[in-house]
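To start, the structure under review is shown below, and the notes come after it.
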Amino acid sequence: MIQEYFNGISRQLLPVGLDWNNLSRAYAGRPYHNLFHLEEMVSHLPQHEPPRDPLILGVALLYHDIVYKPTRTDNEDRSARSAARVLGEASVPQDRIDRCEQIILATQQHLPPASDDGDGALLIDLDLCVLARDPAGYDQYSAAVRQEFWMVPGFVFRTGRTRVITGLLDRSTIFQTDYGREHYEAPARENLWRELRNL
């Protein structure tokens with residue numbers, strides 16, 4: 001499914017297109033932020049309202065974690081620049097390139113940009129839909145996140161993970177779209193509370 005989605009987005013950028021080998025190599029070897037993460041996001045996309053700009057949402061989805069090193073704080077910024085580069089090579093207008101960068105950068109705090117037209121909210125909810133998996137699926141996700149932070153001592157990881165979880169739980173709503181609030185919010189909160197209790 002993810003390669004088919006990739007091909008559909010790439011065809012809209014011809015004659016330049018996108019490089020599947022580059023994308024798949026970038027996401028390879030990661031316990032969580034990998035191609036399966038993208039696949040899961042794409043699988044949820046049809047359940048939502050269609051994006052305002054399907055090309056820009058698609059590139060943002062494919063590139064939002066193309067740069068990911070667990071201990072760095074500039075992953076989203078570097079991923080946004082990578083997306084902007086490929087869009088620029090395809091002669092996409094600058095205002096649309098800027099929009100793509102903005103919605104990728106919004107995944108850092110999982111809050112849409114102030115001038116969001118809905119696509120930022122959509123990308124955020126797709127990125128966070130993993131939180132609403134069934135309990136066994138959520139446990140696989142949380143274990144994979146811990147694997148990605150294997151280099152971080154347990155007590156340090158628990159402190160950071162607690163901060164992330166409580167930050168989400170303290171929000172009035174975790175999800176930004178109507179569909180997300182209706183279908184993801186309750187199971188996500190149950191999963192997050194359960195992980196928090198077990199940390």
Side-chain angles (χ1 to χ4, degrees), residues 1-27 30 32-68 74-132 168 171 173-185 188:
M1 180 186 290
I2 186 58
Q3 191 161 5
E4 182 181 342
Y5 183 76
F6 173 91
N7 290 340
I9 297 298
S10 185
R11 280 193 294 271
Q12 297 178 59
L13 294 171
L14 293 176
V16 177
L18 302 176
D19 186 339
W20 171 255
N21 290 329
N22 178 57
L23 188 90
S24 57
R25 277 196 305 269
Y27 281 90
R30 303 173 183 171
Y32 174 63
H33 290 90
N34 52 32
L35 289 178
F36 182 77
H37 171 50
L38 300 186
E39 180 101 25
E40 185 171 28
M41 292 173 71
V42 169
S43 74
H44 282 255
L45 187 54
Q47 300 160 29
H48 290 263
E49 291 291 323
R52 298 290 182 93
D53 191 334
L55 172 62
I56 294 306
L57 187 279
V59 172
L61 188 158
L62 293 168
Y63 276 77
H64 79 285
D65 282 329
I66 197 166
V67 178
Y68 183 80
D74 61 348
N75 292 314
E76 291 81 6
D77 184 61
R78 295 168 71 203
S79 295
R81 289 201 304 268
S82 293
R85 187 163 50 252
V86 299
L87 289 170
E89 289 169 358
S91 300
V92 172
Q94 188 60 49
D95 61 327
R96 294 175 76 197
I97 295 174
D98 293 344
R99 194 72 191 129
C100 186
E101 288 189 281
Q102 288 172 0
I103 63 177
I104 290 175
L105 291 172
T107 63
Q108 185 170 36
Q109 299 298 324
H110 291 106
L111 292 170
S115 59
D116 189 39
D117 61 2
D119 285 357
L122 176 57
L123 184 66
I124 288 165
D125 280 15
L126 294 172
D127 197 26
L128 292 179
C129 70
V130 62
L131 303 179
L168 290 170
R171 296 181 181 184
T173 58
I174 297 170
F175 295 93
Q176 307 298 316
T177 66
D178 290 340
Y179 184 90
R181 286 188 289 269
E182 182 178 351
H183 295 276
Y184 303 151
E185 190 80 25

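Just so you know, these numbers come straight off a predicted model, no measurement behind them.
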Results of side-chain hydrogen bond (donor to acceptor under 3.5 Å, both in side chains) for Arg171 - residues two or more places apart only:
none
Reported CG-to-CZ distance for the pair Leu105 and Arg81, which is rounded to 0.5 angstrom:
9.5 Å
Please check if the distance between the ring centroids of His64 and His37 is under 6.0 Å.
yes
Contact check, side chains of Val92 and Val59, non-hydrogen atoms, under 4.5 Å:
no
Taking atom CG of Leu126 and atom NE2 of His44, what is their separation to the nearest 0.5 Å?
8.0 Å
What is the distance from atom NE2 of His33 to atom CG of Leu38, rounded to the nearest 0.5 Å?
10.0 Å
So, do Leu111 and Gln176 sit near enough that their side-chain heavy atoms are less than 4.5 Å apart?
yes
Of all residues at least two apart in sequence or in a different chain, which pass the side-chain hydrogen bond (donor to acceptor under 3.5 Å, both in side chains) check with Asp125?
Thr177
Which atom of Gly120 lies closest to which atom of Pro113, heavy atoms considered
CA-CD, 4.5 Å
All heavy atoms of Val67 vs all of Ser82, minimum pair found to be CG2-OG, 4.1 Å
To check you understand the geometry: which heavy-atom pair defines the closest contact between Ala121 and Asp116, and what is its length?
N-OD2, 3.0 Å
Does Asp65 offer a backbone N or O that forms a donor-acceptor pair with the side chain of Tyr27 under 3.5 Å?
yes
Distance check, rounded to the nearest 0.5 Å: Asp127 atom CG versus Gln108 atom CD?
12.0 Å
Residues which pass side-chain hydrogen bond (donor to acceptor under 3.5 Å, both in side chains) with Gln47, listed by chain and number, not counting sequence neighbours
Tyr179
Rounded to the nearest 0.5 Å, what's the gap from CG on Leu128 to OG1 on Thr107? Could you check?
9.0 Å
Considering only heavy atoms from C-beta outward, does the side chain of Tyr63 approach that of Leu23 to under 4.5 Å?
yes
Result block: side-chain N/O donor-acceptor pairs under 3.5 angstrom for residues 13-22, not counting sequence neighbours:
unit_1 : atom_1 : unit_2 : atom_2 : d
Asp19  : OD1    : Asn21  : N      : 3.0
Asp19  : OD1    : Asn22  : N      : 3.1

Using the side-chain hydrogen bond (donor to acceptor under 3.5 Å, both in side chains) rule, collect all pairs that involve residues 87-96, keeping only residues at least two apart or in two chains.
Asp53-Arg96, Gln94-Asp98
Do you know the tightest heavy-atom contact between Ile124 and Pro112?
CD1-N, 3.2 Å
Nearest 0.5 Å, what's the CD1-CG distance between Ile56 and Leu87?
4.5 Å
Short side-chain to backbone donor-acceptor contact, Ser10 and Asn7, under 3.5 Å
no
Quick check: are there more than 12 heavy atoms from other residues, nucleotides or ligands sitting under 6.0 Å from CZ of Arg78?
yes
How close do Ser79 and Ile66 get, heavy atom to heavy atom, and via which atoms?
OG-N, 3.5 Å
With side-chain contact (heavy atoms from CB on, under 4.5 Å) as the criterion, how do Glu39 and Asn34 come out once you've worked through the C-alpha distance, each side chain's angles and the decisive distance to 0.1 Å?
CA-CA 9 Å; Glu39 180 101 25; Asn34 52 32; over 6 Å; no
Could you go through the side-chain contact (heavy atoms from CB on, under 4.5 Å) check for Leu57 and Leu45 one step at a time?
CA-CA 11 Å; Leu57 187 279; Leu45 187 54; 4.3 Å; yes
Are any side-chain N or O atoms of Glu185 and backbone N or O atoms of Ile174, one a donor and one an acceptor, separated by less than 3.5 Å?
yes
Does the side chain of Leu62 come within less than 4.5 Å of Ile2's, by heavy atoms?
yes
Looking at every heavy atom in both Pro51 and Leu122, which two are closest together, and how far apart are they?
CB-CD2, 4.0 Å
Would you say the side-chain atoms of Asp119 pair up with the backbone N or O of Arg52, donor to acceptor, closer than 3.5 Å?
yes
Set of side-chain hydrogen bond (donor to acceptor under 3.5 Å, both in side chains) partners for Gln102, sequence neighbours left out
Arg99
Would you find a donor on one side and an acceptor on the other, under 3.5 Å apart, between the side chain of His183 and the backbone of Gly180?
no
